[in-house]
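Worksheet for the structure shown next.
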Amino acid sequence: MNNFYIKVYKVVQQIPKGKVTSYGRIAEMIGHPNAARAVGYALSALRNPDSNSPYTSQTVPWFRVVNSQGRISINHRETTANRQALILQEEGVEIGPNLKINLEKHLWQGLHIVEVDDILKELG
DNA sequence: ATGGTGACTCGCG
DNA sequence: GCGCGAGCCACCA
């Protein structure tokens, strides 16, 4: 588990219940503005966490991360996509047709780079 | 080192 | 709005 993954997970853990953000925004927050795909890769890795890793699909709210269009990015044929939509609905996020979310209402403000540094320092 | 694979984005047509 | 192509990044073989 490298530093990049750690940063992604810690920032995602800051997303409040009922809010969402995108892979690209997460990437910007940790100082890798063009690493959106890598962020998605990091979250997918939560499905098979290392035995002693504190970061798992149970401790990191991966379901609060969607694509820049406010849509769930997982292949819709996979049950994971429906599970993500269900969890979000349960915590108050309105899901429209085609698993689309109203970002105007549910987009997380996010963190500034300085705040990210504080998070990484105190928790890591 | 090298090429292939994604839970990404942006710009075009 | 939708599909494509092209960058981009971390991983793995």
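All heavy atoms count here, side chains included; hydrogens, waters and symmetry mates do not. Numbered from 1 within each chain, the chains take letters A, B, ... in sequence-line order.
- As rounded to the nearest Å, C:dA13 and B:dA1 have C1' atoms that lie 13 Å from one another.
- Interface remark: the A:Y23 side chain does form a donor-acceptor pair with the B:dA7 base, using a distance-only criterion of under 3.5 Å.
- If you check every strand for non-hydrogen atoms under 4.0 Å, A:S44 touches a base.
- The phosphate of B:dA7 (OP1 or OP2) has no side-chain N or O of A:T80 nearer than 4.0 angstrom.
- Note: A:Q109 CD to A:R25 CZ = 9.0 Å, rounded to the nearest 0.5 Å.
- With values rounded to the nearest 0.5 angstrom, A:S57 atom OG is found 10.0 Å from A:F63 atom CZ.
- Judged by distance alone, the side chain of A:Y55 and the main-chain N or O of A:K10 form no donor-acceptor pair under 3.5 Å.
- Going from atom NE2 of A:H32 over to atom P of C:dC8 covers 14 Å, rounded to whole Å.
- In the set B:dA7, C:dG1, C:dC9, B:dA7 carries the atom at the smallest distance from any side-chain atom of A:L43.
- In this structure, the OH atom of A:Y41 is 20 Å from the P atom of C:dC8, given to the nearest Å.
- Applying the side chain to side chain contact (heavy atoms under 4.5 Å, CB included) test between A:V65 and each of A:I15, A:V11, A:I72 identifies A:I15 as the sole match.
- Between A:Q84 atom CD and B:dA7 atom C1' there is a gap of 8 Å when expressed in whole angstrom units.
- Hydrophobic cluster membership is shared by A:I87 and A:V93, with clusters built from Ile, Leu, Val, Met, Phe, Trp and Tyr side chains linked at under 4.5 angstrom.
- In terms of position on DNA chain B, the residue among A:R37 and A:R25 whose nearest nucleotide sits closer to the 5' end is A:R37.
- The distance between atom CG of A:N67 and atom C1' of B:dG6, rounded to the nearest whole Å, is 14 Å.
- As rounded to whole Å, 12 Å separates atom P of B:dG11 from atom CG of A:N34.
- The side chain of A:Y5 lies closest to C:dA10, out of B:dA7, C:dA10, B:dT9.
- The interatomic distance linking A:R71 (CZ) with B:dA7 (P) rounds to 16 Å, in whole Å.
- Distances shorter than 4.0 Å separate some side-chain N or O of A:K100 from OP1 or OP2 on C:dG1.
- Whole-Å rounding puts the A:N82 CG to B:dA7 P distance at 15 Å.
- What separates CD1 of A:I87 from P of B:dA7 is a distance of 17 Å, to the nearest Å.
- Map A:A38 and A:E28 each onto its nearest nucleotide of DNA chain B; the residue landing nearer the 5' end is A:A38.
- When the side-chain nitrogen and oxygen atoms of A:S68 are compared with OP1 and OP2 of B:dC10, one or more of them lie within a distance under 4.0 Å.
- Comparing C:dA10, B:dC8, B:dC10 by their closest approach to the side chain of A:F4 singles out C:dA10.
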